[in-house]
Asker: 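This is the structure I have questions about; it appears just below.
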Amino acid sequence: MLPLKLIQEQGNFIIERLKIKNFDATQIISSILSTDEKRRALQTRIDIQLADLNNLARQIGQLYKEGKRQEAEAAKNQTFEIKEQNRVLKEEHATIEQLLKELVVQLPNLPHELVPVGKTADDNQLIRTGGIIPEPDINRKPHWDLLAGSGLIDFELGVKITGAGFPVYQREAARLQRALINFFLDQGLKAGFTEVQPPIMVNEDSAYGTGQLPDKEAQMYRSEADGLYLIPTAEVPLTNIFRDEILSADQLPVKYMAYTPCFRREAGSWGSHVRGLNRLHQFDKVEIVQVRHPDNSYIGLDEMVAYVESLVILLELPYRIIRLCGGDMSFTSAMTYDFEVFAAGQGRWLEVSSVSNFESFQANRLKLRFRDKGDKRTQLAHTLNGSALALPRIVAGLLENNQQGNEIFIPEILHPYTGFDRIRL
RNA sequence: GGAGAGAUGGCCGAGUGGUCGAAGGCGCACGCCUGGAAAGCGUGUACCCUGCGUGAAGCGGGGUCGAGGGUUCGAAUCCCUCUUUCUCCGCCA
């Protein structure tokens, strides 16, 4: 959510900037400005009435004290009319405020000036590549064929127990999952992230705080009876730790990470390209989050990109880092880098991480603020997050790139975690 | 799940209908004191909306004492609902 003040004062700037996201804000902004005008006018009237009522109440108390019952009664009668008028205005005010809020949340975040103009993924900007893409080999298989019949990752069994998109990992595959989680957390710890185990179900306020509600309701699994949602990412509970908080500048930057399972309904997003591990309803992920001073949030973003890169390098995976163009960026992001890993069996790049700076967009919604030392005023903090990393596609990459005959080699860095150096099929 | 007791500012803690945004203490900030520090003394110390003023300082109005509703001229204080914490009982990993 963009701050109202910014919309009031920099409307044209916003309109210009949002063109990068192919978003025409002209209409919305003019509606916001006129609605806000009405809202303030109304509030002024309401406040005057309330001030009158407060004065009368004080007078009445005084009159009673002085035993002037008659006059007190007269003053009381005055209040009734004002109160009635006030009730009407308040209703009007509530309606307008609701409308204003609905308008404001329709504006996406402003892209950073380095964000390339563009409409689709084709316009994204390649930042750099790394690792070695394996030589083409006709015997190389996509992971679902490679593992077929092994039971290591059993999609059919998952269907029996739960449904499509809920695979069962067994034996070495299960241990590989656990190894990766521990590896990621250990690395994160070294990089200065504080480990957190948050709830994996959240209430409506939290879902609203990070923007899952109201738009992306269909993406989440919901426990109807309790009004709770299964998290689609640890970003939700992790970021909501800071909802309604005011930090002091010396607490910044905050660096948190959490491993959680993630649940996504992925309604209507299935197709032939999302076989196997490529897209799941439940998957594991380690998420990193930062709360930063606005002055250095992009330093934080670079840090996180470098950190995620270090992970894929240690895993010896071929990767590329992409800066998303305006059209491909999320609603809430000011700048996003995607990490893709090449899965040689499928011959395609798979997104394994998305690292974003939301600047104050999310913080505004969350009411996450901080105060500079010696400053009376609070300001919105900047929030950032990224995956570090999401497991399934990393596993897909490892399986597909490291297959050799009937064996799949495990990168050396993981050996202490897995306890084996290869998987035999 | 049953019974009872709570929920007040960064923290502790007063406050049962009328200048209460809220005593007191702690903490914190600044100043005095000191060679420096501690102690001591003094001052200040919530957030949001809004009006004048440059979004400064400052001044004014409104709202907020878990949340929402109600009673009343007037509510932190009374009533209702919800949330939540603690204690006891039950159940349980």
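Protein chains get the first letters and strands the later ones, always in sequence-line order, with residue 1 at the start of each. Computed over heavy atoms, backbone and side chain alike; hydrogens, waters and symmetry mates excluded.
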Asker: Taking the P atom of each, how far is rA75(B) from rG63(B), in whole Å?
Answerer: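 It comes out at 9 Å once rounded to the nearest Å.
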
Asker: Can you tell me the Watson-Crick or wobble partner of rG21(B), both distances under 3.5 angstrom?
Answerer: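 rG21(B) is unpaired by these criteria.
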
Asker: Atom NZ of Lys76(A) to atom P of rG18(B): distance rounded to whole Å?
Answerer: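 It is 15 Å, rounded to the nearest whole Å.
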
Asker: Find the distance Asn54(A):CG to rA75(B):P and express it as a whole number of Å.
Answerer: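 For the pair Asn54(A) CG and rA75(B) P, the rounded distance is 9 Å.
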
Asker: Tell me: CG of Leu380(A) to P of rG55(B), nearest whole Å?
Answerer: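 Atom-to-atom, Leu380(A) to rG55(B), this comes out as 18 Å.
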
Asker: Report which part of the nucleic acid Leu50(A) touches: base, sugar-phosphate, or nothing (heavy-atom distance under 4.0 Å, all strands).
Answerer: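 The answer is sugar-phosphate, as Leu50(A) gets under 4.0 Å only of primed atoms, P, OP1 or OP2.
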
Asker: Looking only at atom C1', what distance separates rG31(B) and rG55(B), rounded to whole Å?
Answerer: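 So the two C1' atoms sit 29 Å from each other.
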
Asker: Now, which nucleotide makes the Watson-Crick or G-U wobble pair with rC65(B), with each of the two distances under 3.5 Å?
Answerer: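 Partner of rC65(B): none found under 3.5 Å.
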
Asker: Could you please name the partner base of rA5(B), counting Watson-Crick and G-U wobble pairs only when both distances are under 3.5 Å?
Answerer: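 In the structure as shown, rA5(B) has rU85(B) as its Watson-Crick or wobble partner.
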
Asker: Report the nucleotide, chosen from rA46(B), rG18(B), rU50(B), that has the shortest atom-to-atom distance to any side-chain atom of Ala57(A).
Answerer: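 The answer is rG18(B), which lies nearest to the side chain.
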
Asker: May I ask which nucleotide in the shown strands pairs with rC59(B), Watson-Crick or G-U wobble, both distances under 3.5 Å?
Answerer: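 Result: rG51(B).
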
Asker: Measure from the side-chain heavy atoms of Arg369(A) and tell me the nearest of rC48(B), rC73(B), rU50(B).
Answerer: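 So the nucleotide nearest the side chain must be rC48(B).
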
Asker: On RNA chain B, check which nucleotide each of Lys65(A) and Gln10(A) is closest to and give me the residue with the more 5' one.
Answerer: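 That would be Lys65(A).
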
Asker: Check each of Arg39(A), Lys38(A), Arg40(A) against Glu97(A) using the salt bridge (charged side-chain N to carboxylate O under 4.0 Å, His left out) test, and report the only one that passes.
Answerer: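 Checked Arg39(A), Lys38(A), Arg40(A) against Glu97(A); only one passes salt bridge (charged side-chain N to carboxylate O under 4.0 Å, His left out): Arg39(A).
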
Asker: Take the protein atom CG of Asp244(A) and the nucleotide atom C1' of rC48(B), then report the distance between them rounded to whole Å.
Answerer: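 Answer to the nearest Å: 11 Å.
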
Asker: Now, which nucleotide makes the Watson-Crick or G-U wobble pair with rG44(B), with each of the two distances under 3.5 Å?
Answerer: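 Here rG44(B) is engaged in a pair, and the nucleotide opposite it is rC28(B).
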
Asker: Counting any heavy atom closer than 4.0 Å, what does Arg58(A) reach on the DNA or RNA strands: base, sugar-phosphate only, or nothing?
Answerer: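 If one applies the 4.0 Å heavy-atom cut-off, Arg58(A) turns out to touch nothing in the nucleic acid.
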
Asker: When you compare rG69(B) with rC88(B), how far apart are their P atoms, in angstrom units rounded to a whole number?
Answerer: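 Straight-line distance between the two P atoms is 36 Å.
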
Asker: At under 4.0 Å between heavy atoms, what does Ala51(A) touch on the DNA or RNA strands: base, sugar-phosphate, or nothing?
Answerer: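 The answer is sugar-phosphate, as Ala51(A) gets under 4.0 Å only of primed atoms, P, OP1 or OP2.
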
Asker: Are Ile153(A) and Phe155(A) close enough that some pair of their side-chain heavy atoms sits under 4.5 Å apart?
Answerer: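 They are in contact (side-chain heavy atoms under 4.5 Å apart), so the answer is yes.
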
Asker: Does rC49(B) have its OP1 or OP2 closer than 4.0 Å to a side-chain nitrogen or oxygen of Thr44(A)?
Answerer: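 Looking at the OP1 and OP2 atoms of rC49(B), neither is under 4.0 Å from any side-chain N or O of Thr44(A).
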
Asker: Partner lookup for rG36(B), please. Criteria are Watson-Crick or G-U wobble with both distances under 3.5 angstrom; report none if nothing qualifies.
Answerer: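 Check on rG36(B): unpaired, no WC or wobble geometry under 3.5 Å.
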
Asker: To the nearest Å, give me how far apart CD1 (Ile82(A)) and P (rG61(B)) are.
Answerer: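 Roughly 17 Å, once rounded to whole Å.
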
Asker: Pick base, sugar-phosphate or nothing for Arg45(A), based on heavy-atom distances below 4.0 Å to the nucleic acid.
Answerer: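 Counting heavy atoms under 4.0 Å across all strands, no contact is made by Arg45(A).
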
Asker: For nucleotides rC65(B) and rA76(B), find the distance between their C1' atoms and express it as a whole number of Å.
Answerer: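 Looking at atom C1' only, rC65(B) and rA76(B) are 5 Å apart.
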
Asker: Of the options Asn385(A), Thr260(A), Ile231(A), which is the one that meets Glu287(A) in a side chain to side chain contact (heavy atoms under 4.5 Å, CB included)?
Answerer: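 Single pass found, and it is Asn385(A).
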
Asker: Quick one: is the NZ or CZ of Arg69(A) closer than 6.0 Å to the six-membered ring centre of Tyr64(A), and within 45° of its axis?
Answerer: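 Arg69(A) over Tyr64(A) ring: no.
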
Asker: Can you tell me how far P in rA93(B) sits from the matching atom in rC79(B), rounded to whole Å?
Answerer: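 Nearest-Å result for rA93(B) against rC79(B) at atom P: 41 Å.
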
Asker: CD1 of Ile46(A) versus P of rU64(B): gap in Å, rounded?
Answerer: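 Going from CD1 in Ile46(A) over to P in rU64(B) covers 13 Å.
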
Asker: If you only use heavy atoms from C-beta on, which nucleotide in rA46(B), rC73(B), rG55(B) is closest to the side chain of Arg371(A)?
Answerer: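 From the listed options, rA46(B) comes nearest.
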
Asker: Nearest-nucleotide wise, let me know which of Phe80(A) and Lys5(A) is further upstream toward the 5' end of RNA chain B.
Answerer: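 The answer here is Lys5(A).
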
Asker: Go ahead and name the base partner of rA93(B); Watson-Crick or wobble counts if both distances stay under 3.5 Å, otherwise write none.
Answerer: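 For rA93(B), the partner nucleotide comes out as none, under the 3.5 Å rule.
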
Asker: Heavy-atom distance under 4.5 Å between the side chains of Lys367(A) and Glu245(A), does that happen here?
Answerer: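 Sidechains of Glu245(A) and Lys367(A): no contact.
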
Asker: Can you find a donor-acceptor pair, distance only, under 3.5 Å between Asp47(A) side chain and rG62(B) base?
Answerer: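 Looking at the base of rG62(B), it does not pair with any donor or acceptor on the side chain of Asp47(A) (distance under 3.5 Å).
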
Asker: Distance between the P atoms of rC59(B) and rU45(B), in whole angstroms?
Answerer: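 rC59(B) and rU45(B) have their P atoms separated by 11 Å.
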
Asker: Return the value, rounded to whole Å, for the distance between atom CD of Glu97(A) and atom P of rC48(B).
Answerer: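 Distance, rounded to whole Å: 15 Å.
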
Asker: Would you measure the distance from the C1' atom in rC12(B) across to the matching atom in rG27(B) and give it in whole Å?
Answerer: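 That atom pair is separated by 10 Å.
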
Asker: Which nucleotide sits closest to the side chain of Arg39(A): rA46(B), rC48(B), rC49(B)?
Answerer: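 Among rA46(B), rC48(B), rC49(B), the one nearest the side chain of Arg39(A) is rC49(B).
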
Asker: Do the side-chain N and O atoms of Asp372(A) and Gln379(A) include a donor-acceptor pair separated by under 3.5 angstrom?
Answerer: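 There is such a pair (donor and acceptor under 3.5 Å, judged by atom type) between the side chains of Asp372(A) and Gln379(A).
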
Asker: With sugar-phosphate meaning primed atoms plus P, OP1 and OP2, does Glu9(A) contact a base, only sugar-phosphate, or nothing at under 4.0 Å between heavy atoms?
Answerer: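 Answer is base: heavy atoms of Glu9(A) come under 4.0 Å of a base.
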
Asker: State yes or no: are the ring centers of Tyr256(A) and Phe242(A) separated by less than 6.0 Å?
Answerer: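 Yes, the ring centres sit under 6.0 Å apart.
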
Asker: Pick base, sugar-phosphate or nothing for Ile246(A), based on heavy-atom distances below 4.0 Å to the nucleic acid.
Answerer: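 If one applies the 4.0 Å heavy-atom cut-off, Ile246(A) turns out to touch the sugar-phosphate alone, with no base involved.
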
Asker: What is the distance, to the nearest angstrom, from the CD atom on Gln78(A) to the C1' atom on rG74(B)?
Answerer: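 In whole Å, rG74(B) C1' lies 15 Å from Gln78(A) CD.
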
Asker: Between the side chains of Gln98(A) and Glu102(A), is a donor N or O closer than 3.5 angstrom to an acceptor N or O?
Answerer: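 Glu102(A) and Gln98(A) do have a side-chain donor-acceptor pair below 3.5 Å.
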
Asker: Lys83(A) near the nucleic acid: base, sugar-phosphate alone, or nothing, with a heavy-atom cut-off under 4.0 Å?
Answerer: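 Sugar-phosphate: the residue Lys83(A), judged by heavy atoms under 4.0 Å, touches backbone atoms but no base.
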
Asker: At 4.0 Å (heavy atoms only), tell me whether Asn77(A) reaches a base, stays on the sugar-phosphate, or touches nothing.
Answerer: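 If one applies the 4.0 Å heavy-atom cut-off, Asn77(A) turns out to touch nothing in the nucleic acid.
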
Asker: What interatomic distance, in whole Å, is found between C1' of rU87(B) and the corresponding atom of rG25(B)?
Answerer: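 So the two C1' atoms sit 28 Å from each other.
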
Asker: So which nucleotide does rA14(B) pair with, by the Watson-Crick or G-U wobble rule with both distances under 3.5 Å?
Answerer: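 The base-pairing partner of rA14(B), which may sit in any strand shown, does not exist here.
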
